[in-house]
Amino acid sequence: MKRELPLLLTAVIGLFMILSFYVPHHLVSVPADFLQQCAVIVVAFGYVLGGANALRVNLDGIARRQPDWQYKLVLVVSLVGTVVVGLAEGRHWQDKSSVSMFLYNQIYSPMQATMFALLAFFIASAAFRAFRIRTVEAGMLAVAALIVMLGRVPIGNEMTSWLPESIRLGSLQEWIMNVPQNAAKRAILIGAAMGVMATGLRVILGIERSYLGGGD
Amino acid sequence: MNLTQDLGVWLAALLTLFVFSFLYKDNPLYKFAEHLFVGVSAGYYIVLNVWTVVVPNLWDPLVRTFTGRDPVTNAVVTQAGGPFNASVGDYRAWFLIPALLGVLLFSRLVSRIEWVSRWALAMIIGVYAGLKTTGFAQGDLVAQVQASMQPLWTPDVWTGVNAILFTIGLLTSLLFFFYSREHKGALGVLARTGTVFLMVSFGAGYGYTVMSRLSLLIGRFQFLLEDWLGMK
Amino acid sequence: MNLTWLEKLDRRWLFLIVGLLVLGPLLRPIGLPLVPTKPVRQFYEAIEAVPDGAIVLMSCDYDPGGKPETVPMTKTALRQLWDKKCRVVITCLWTGGSGLVDETVESTAEEYRASGKTLVYGKDYVNLGFKAGYEAVMVLMGKGIGNAFPQDHRANPTASLPLMREVRDYSSFALLVNISAGYPGTKEWVQQVNSRFHLPMVSGCTAVSAPEYYPYLQSGQLRGLLGGMAGAAEYEKLRNEKGSATEGMDAQSLAHVFVALCILMGNVVQWTKRRGAGA
């Protein structure tokens, strides 16, 4: 029953949500609206759980003196500090002058942006070291990539300004995006939609149970 | 050059440089910045979800229902019909259900009782499976197939040629993913044609990905030059 | 020609070249001309077609990781809407984004007021802030915006705001302007809101997501599309503005040329190596 009852709950709720798409009657729409409210709240609890789990794992690492445990201490202190400050500041914790917003604007925001900015260097390095044209298909990929990369920025049109407008890099790039790329992406969209619908029905009907985890 | 006097900007700039130092090699400054970032972001996510969801969407309605007072202004709140008289957007005591499910989720932290969290997971999975199934069906399948029915014979030759090419690309790309039969003979030819279109789309995707990643670097350099060094 | 030294090149030299190629044009702009493309012009025209004074929903679904691409789009779209006296309701569905979105909206509003125009929070624009729940929030808003967002970003009760008294559900909005960096974002708004509630929408997105939204543009589910920093820069050009996106395009151009050369040179090195081994 530890697995069967949750499976039944998923089935009932999932079918109800699908029904709510077609039936506007309040006997369906009001419970469906309530279920969506529940999902919003439980997802928020999930985020809190995630933070609590990060705390637990790193406290464990510090206690066992795992390698780099000193950095884990930095993580724990900053996590606890941010939570304490944020909760203490109350409902107006997102006001411009709050300590929480200082932490967000001067620590979280710049570091997240910089972590992603590192990718620019790695993509250039990977283009040189890993992008190998060994087949005709890879060659097509490379040609499309080069045309789109250069055609999407102003230098592409400048480099080919001596050509008629319809075959400049900018125009070629637009044609690639609107015709062949669009066709393939639509095929992927349609295929993925069918896959998601099939997986959704498998989950609702209890055929797919991996989300319950292992154990009894 | 006009260096900023703002300590916050100095802190942000130094942390930015600590992260960039990873490009030379992994080092203590980078590790410190990385762990600080993870700690602050985990803490921020907790506080955000408490004050923007748990409190206004759960706690406040329950306080109004069971105390008859607004939790912020302490003004009296009259709710006709009792705590279980729900209407759209006003679920009163019914919010005890998501409150319980949310608390049950925390049982995942204790391996002996983590099976209890399956109830909360079952509810979430049921809701999102239902929403995604209908969303993908209507938004992606029906609408996209409908939009694919475009006229192939048009007054303008190039529009017609593009429409024919588009349709060929769509059908052959779809056939590429048909694995119920081996890609031989006519199906093989069509699938290989689909491969051409798919490769072009992956190349276009790669080009746009390069653009996206480089934009992020440009943004950081703009911050360092303008906000930190005052070079504008 | 012996190119084996290139094969052994320390990647940190490549990092240095990328860094210099990006830094150079930021310090000394080249001024390469921008030509707005059709999806960008469609985005601009879709907003222009909104009746003056109408209420528009703007969902800013991004965080600092996509800032250089999404923030310029947000600022330019807000200015275009406010020029048309449109009232804007802003939301954010990304956990790490609400602080950035608020900062972007408020800084744009301050610049707008500094140019002598009136803009009152609660009357001309409202920032409802963040809500967890992805697609569930989108569908929840269909029954009542205030049900999903009982308070705004500043913890004001939503019902107390003059603008929100005129907003009931999606039928109150003339357009959805979605600026997104991934999931949840444009795809989910198309699937859950445009398809179910038939709210017209336009999208500005990071370049990495843009190719997969072209089918939505072609089908009419999206009325316009801004893709990445180039899209943001072209949009600024249409508005005769010169923001951070425009300033970054020269650096973008040179960096793209370098990456293209990296792809070509990397393969030339491999081919000459294979030819040398075969000889």
Side-chain angles (χ1 to χ4, degrees), chain A residues 21 29 32-33 35-37 39-41 43-44 46-47 90-96 100-101 104-105 108-113 115-116 120-125 127-134 142 145-146 149-150 152-159 170 174 177-178 181-182 185-186 188-189, chain C residues 9 11 14-15 17-19 22 32-35 37-38 63-68 95-96 98-100 102-103 106 129 131-134 136-137 139-140 143 147-148 151 153-155 196 211-212 214-215 218 228 230 249-250 252-260 262-267 270:
Chain A
F21 184 83
S29 66
D33 186 72
L35 284 168
Q36 284 148 28
Q37 283 273 16
V40 166
I41 291 163
V43 164
Y47 275 105
R91 289 174 191 260
H92 297 276
W93 72 289
Q94 292 193 97
D95 285 356
K96 252 186 173 170
S100 295
M101 280 302 98
Y104 177 88
N105 287 322
Y108 175 83
S109 183
M111 280 210 281
Q112 200 194 32
M115 293 284 180
F116 279 91
F121 297 99
F122 298 127
I123 212 165
S125 164
F128 181 75
R129 288 147 69 111
F131 200 132
R132 293 291 172 258
I133 303 167
R134 291 199 176 100
L146 289 169
M149 248 197 302
L150 295 173
R152 197 63 195 91
V153 288
I155 206 164
N157 273 334
E158 280 303 291
M159 278 163 45
E174 267 197 72
M177 295 306 292
N178 286 323
Q181 188 278 146
N182 210 352
K185 276 288 184 304
R186 177 164 287 167
I188 292 170
L189 260 183
Chain C
L9 186 70
R11 65 179 188 168
L14 295 169
F15 295 166
I17 296 170
V18 168
V22 167
L32 292 164
L34 278 162
V35 179
T37 49
K38 192 174 171 202
D63 64 9
K67 187 173 167 179
T95 326
S98 67
L100 174 64
D102 188 56
E103 192 215 320
E106 287 306 318
K131 196 60 63 182
Y134 316 109
V137 183
V139 181
L140 200 57
K143 279 274 176 290
N147 298 341
Q151 66 182 36
H153 180 81
R154 302 173 185 195
R196 201 188 255 223
E212 69 175 291
Y214 269 78
Q218 194 265 344
M249 285 315 291
D250 289 340
Q252 188 101 65
S253 290
L254 292 191
H256 278 213
V257 170
F258 179 67
V259 172
C262 281
I263 294 172
L264 293 168
M265 283 311 296
N267 283 284
Q270 279 300 301

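Since the model is a prediction, treat every value here as computed from it, not as a measurement. We name chains A, B, ... by the order of the sequence lines, and we start the count at 1 in each one.
With chain A as the partner, the residue from C:Gly133, C:Gly65, C:Ala155 showing the most heavy-atom pairs under 4.5 Å is C:Gly65. With chain C as the partner, the residue from A:Val40, A:Leu150, A:Ile41, A:Ile123 showing the most heavy-atom pairs under 4.5 Å is A:Val40. The most heavy-atom pairs under 4.5 Å with chain A, out of C:Asp102, C:Val18, C:Asn267, come from C:Asn267. Highest contact tally toward chain A, considering only C:His153, C:Lys143, C:Arg154, is held by C:His153 [criterion: heavy-atom pairs under 4.5 Å]. Put simply, of A:Gln112, A:Glu158, A:Met159, the one with the most heavy-atom pairs under 4.5 Å next to chain C is A:Gln112. For chain A, the option among C:Gly19, C:Ser253, C:Ala132 with the highest count of heavy-atom pairs below 4.5 Å is C:Ser253. Chain C forms the most heavy-atom pairs under 4.5 Å with one residue out of A:Asp95, A:Leu146, A:Leu35, and that residue is A:Leu146. Between chain A and the options C:Val137, C:Leu254, C:Leu100, the largest number of non-hydrogen pairs under 4.5 Å is found for C:Leu100. Taking C:Pro211, C:Ala136, C:Pro33 one by one and counting their heavy-atom pairs under 4.5 Å with chain A, the maximum is reached by C:Pro211. Of the listed residues (A:Arg152, A:Arg91, A:Met115), the greatest number of heavy-atom pairs within a distance under 4.5 Å of chain C belongs to A:Arg152. The most heavy-atom pairs under 4.5 Å with chain C, out of A:Asn182, A:Leu189, A:Ile188, come from A:Asn182.
Of the two parts of C:Leu264, only the side chain, counted from C-beta on, holds a non-hydrogen atom closer than 4.5 Å to a non-hydrogen atom of chain A. If you measure heavy-atom distances from C:Gln270 to chain A, the contacts under 4.5 Å come from the side chain alone. At a 4.5 Å heavy-atom cutoff, the contact between C:Leu14 and chain A is made by side-chain atoms alone. In this structure, the portions of C:Asp63 lying under 4.5 Å from any heavy atom of chain A include both its backbone and its side chain. Interface residue A:Arg129: only side-chain heavy atoms are found under 4.5 Å from chain C.
A perpendicular orientation is assigned to the rings of C:Phe15 and A:Phe122, their planes being inclined by more than 60° (bins at 30° and 60°).
When all heavy atoms of A:Gln94 and C:Ser98 are compared, the closest pair comes out as OE1-OG, 3.1 Å. Between A:Gly170 and A:Asn157, the closest heavy-atom pair is N-OD1, 3.1 Å. Scanning all heavy atoms of the two residues, the minimum distance from C:Phe258 to A:Ala124 falls at CE2-CB, 4.4 Å.
Looking at heavy atoms from C-beta onward, A:Tyr104 lies in side-chain contact with C:Pro64 at the 4.5 angstrom threshold. The side-chain heavy atoms of A:Met177 and C:Thr37, taken from C-beta on, include no pair separated by under 4.5 Å.
Distance alone, capped at 3.5 Å, places no donor-acceptor pair between the C:Asn147 side chain and the C:Leu140 backbone.
The CD atom of A:Gln181 sits 7.5 Å away from the OH atom of C:Tyr214 when rounded to the nearest 0.5 Å.
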